[in-house]
Amino acid sequence: MRIYKFGGASVKDAKGVKNLASVLKETGYENTLVVVSAMGKTTNAMEVVIKNYFENKGELQSSIYEVIKYHNEILLDLFENEGHKVFSAVKSLFDELNLFFKSNKSPDYNYVYDQTIGFGELISTTIISYYLNDIGLKNKWLDVREYIKTDNYYRRANVNWDETQDQISSGFDKSVLNITQGFLGSDPNNFTTTLGREGSDYTAAIFAYCLNANSVTIWKDVPGVLNADPRYFQNAQLLNQISYREAIELAFYGASVIHPKTLQPLQRKEIPLYVKSFLNPKAEGTCVSRGKAIEPEVPCFIVKKNQILISLSSLDFSYIVEENISEIFSLLHLYKMKVDVIQNSAISFSVCIDNIYNNRDKLLQHLKAKFNVTCHDDVSLYTIRHYNDDAIKELEKDKTLLLKQLTQETVQIVTK
């Protein structure tokens, strides 16, 4: 059993959908499950829809129409007959989306987000499933929410592994090509949940774990795992192989090629992960597996933008000790802040965080009751794995450093 995952960039238009079919034909599709993300930038467009639902009802329908128009253009490029069943299937999904907005009574943004954001995945997989069937690649469309069961921690749900294993073991036909959605699950009340942004990779790993798959392949618009994001760094190099541990380290620090949670279930069963280019499917790409040293051994650069750096000191210049640190982390947990870097001295404590849930102001108000607080918004966090002096000097050039921290293998720098 093989698991393939295709991201939004790989199916952003009709050409991409046709290329997905070509990849399946070229690599084989027997005993294969294909996990697909929303097409192109649909998730971003759906976030605009949700924002309008809460803040600008007058623009809600026009923003939904933009999503409909985008998918209709792809449909018209893929299917010559406008009477094809796929058109009514996609229309039904958009009707369902509109019905939710009309009938919803919940003011909870996170709940509404999870009930609606995943229509991008439901629509993309519906279009792809119909297209593959039309060209002779017979497949079965699966609603992933029937298989991946989670708690109701909306926007970053936790998987109920026992129930998920039971659902996949009892209701999954390995003998056919299966198409399903990434990113989504459902809670005990069968409300839709999401696994966090970029969670489609994690979906592939969950299925691989539960199905004892032979491998997982993530198909990207890059040749594999690179030592740097080419959007931000010049002369990025392909890493031919890395270990699970190295990949987890890179993911933890923010490398965008692999979702942070993806490696853990694969490592437990030693299922190899391949990252390959959908533009060149026969190329080797990158293999992530047990005990593989990084090759070639070069510095790896990661950047996370739009971070917040908070620096604290005690009001009376007393030491920052265990009791203070415990309280600080309790507040970070309360306001759902993702911590990326911490640094402390005798009388100060600094933390670089990702403000996913927009709770910055509430957190600062709470902290100011007990600490002197300095806050820097919109900072960038740079991480270098396997650094050397030249790499650090190049990265620091022409930047204002707010924080710097070195360990044996890793250096992290926060800049304004």
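In this text, all values refer to a predicted model and were calculated from it rather than measured experimentally. All residue numbers refer to positions in the sequence shown, counting from 1.
- We find that Glu327 and Lys370 are joined by a salt bridge, their nearest charged nitrogen and carboxylate oxygen being less than 4.0 Å apart.
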Assess whether side-chain contact (heavy atoms from CB on, under 4.5 Å) is satisfied between Ile206 and Trp161, documenting all intermediate values. CA-CA 9 Å; Ile206 292 167; Trp161 283 96; 3.8 Å; yes
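- The only member of Thr164, Ile168, Thr180, Thr203 that meets side chain to side chain contact (heavy atoms under 4.5 Å, CB included) when paired with Tyr147 is Ile168.
- Looking at residues two or more places apart in sequence or on another chain, you find a side-chain contact (heavy atoms from CB on, under 4.5 Å) between Pro296 and Gln237, Leu239, Asn240, Val298.
- Between Asp201 and Lys261 there is no salt bridge, since none of the side-chain N atoms of the basic residue sits less than 4.0 Å from a carboxylate O of the acidic one.
- With hydrogens and angles left out, the side-chain atoms of Glu59 and Ser62 include a donor and acceptor closer than 3.5 Å.
- Glu246 has no carboxylate O lying under 4.0 Å from a charged side-chain N of Lys292, or vice versa, which leaves the two without a salt bridge.
- Under 4.0 Å is where a charged nitrogen must lie from a carboxylate oxygen, and between Lys393 and Asp389 no such pair does.
- Between the side chains of Gln61 and Asn52, no donor-acceptor pair is found at a separation under 3.5 Å.
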Take Lys15 and Asp77 through the test salt bridge (charged side-chain N to carboxylate O under 4.0 Å, His left out) and record every step on the way to the result. CA-CA 9 Å; Lys15 181 180 177 182; Asp77 284 342; over 6 Å; no
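- Side-chain polar atoms of Thr400 and Thr415 form no donor-acceptor pair below 3.5 angstrom.
- Evaluated for a side chain to side chain donor-acceptor pair (under 3.5 Å) with Ser350, the options Ser345, Ser311, Ser313 yield exactly one hit, Ser311.
- At a cut-off of 3.5 Å, with distance as the only test, a side-chain donor of Asn110 or Arg155 sits close to an acceptor on the other residue.
- Aromatic rings of Tyr113 and Tyr154 (six-membered ring for Trp) have centroids beyond the 6.0 Å cut-off, not under it.
- In the model, Thr27 has a side-chain atom that pairs as donor or acceptor with a side-chain atom of Tyr4 under 3.5 Å.
- In this structure, Lys220 fails the cation-pi test against Phe6, since its NZ or CZ atom is not both closer than 6.0 Å to the six-membered ring centre and inside 45 degrees of the ring normal.
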Start with the C-alpha gap between Phe54 and Tyr109, add the side-chain angles, then the distance that decides, and say whether ring-ring contact (aromatic ring centres under 6.0 Å, His included) holds. CA-CA 8 Å; Phe54 280 100; Tyr109 177 89; 5.3 Å; yes
Test salt bridge (charged side-chain N to carboxylate O under 4.0 Å, His left out) on Lys397 and Glu394; report intermediate values, then the result. CA-CA 5 Å; Lys397 187 168 62 178; Glu394 181 64 26; 3.6 Å; yes
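- Partners of Asn72 under the side-chain contact (heavy atoms from CB on, under 4.5 Å) rule, at least two apart in sequence or in another chain, are Ile68, Leu75.
- Asp114 and Thr192 are not linked by any side-chain donor-acceptor pair at a separation below 3.5 angstrom, with hydrogens and angles left out of the test.
- Ring geometry, Phe207 versus Phe172: the interplanar angle falls from 30° to 60°, so the pair is classed tilted.
- Side chains of Asn133 and Lys140: no donor on one and acceptor on the other come within 3.5 Å.
- Stacking of Arg268 on the aromatic ring of Tyr209 is recorded, both the 6.0 Å distance cut-off and the 45° axial limit being met.
- Side-chain polar atoms of Asp316 and Ser318 form a donor-acceptor pair below 3.5 angstrom.
- Using a 30° and 60° split on the angle between ring planes, Phe233 and Tyr382 fall in the perpendicular class, above 60°.
- Under the 3.5 Å distance criterion, with hydrogens and angles disregarded, no donor-acceptor pair is assigned to the side chains of Lys304 and Ser380.
- A side-chain donor from one of Tyr53 and Asn104 sits under 3.5 Å from a side-chain acceptor of the other.
- By the side-chain contact (heavy atoms from CB on, under 4.5 Å) test, Asp229 pairs with Arg231, Tyr232, Ser256, sequence neighbours left out.
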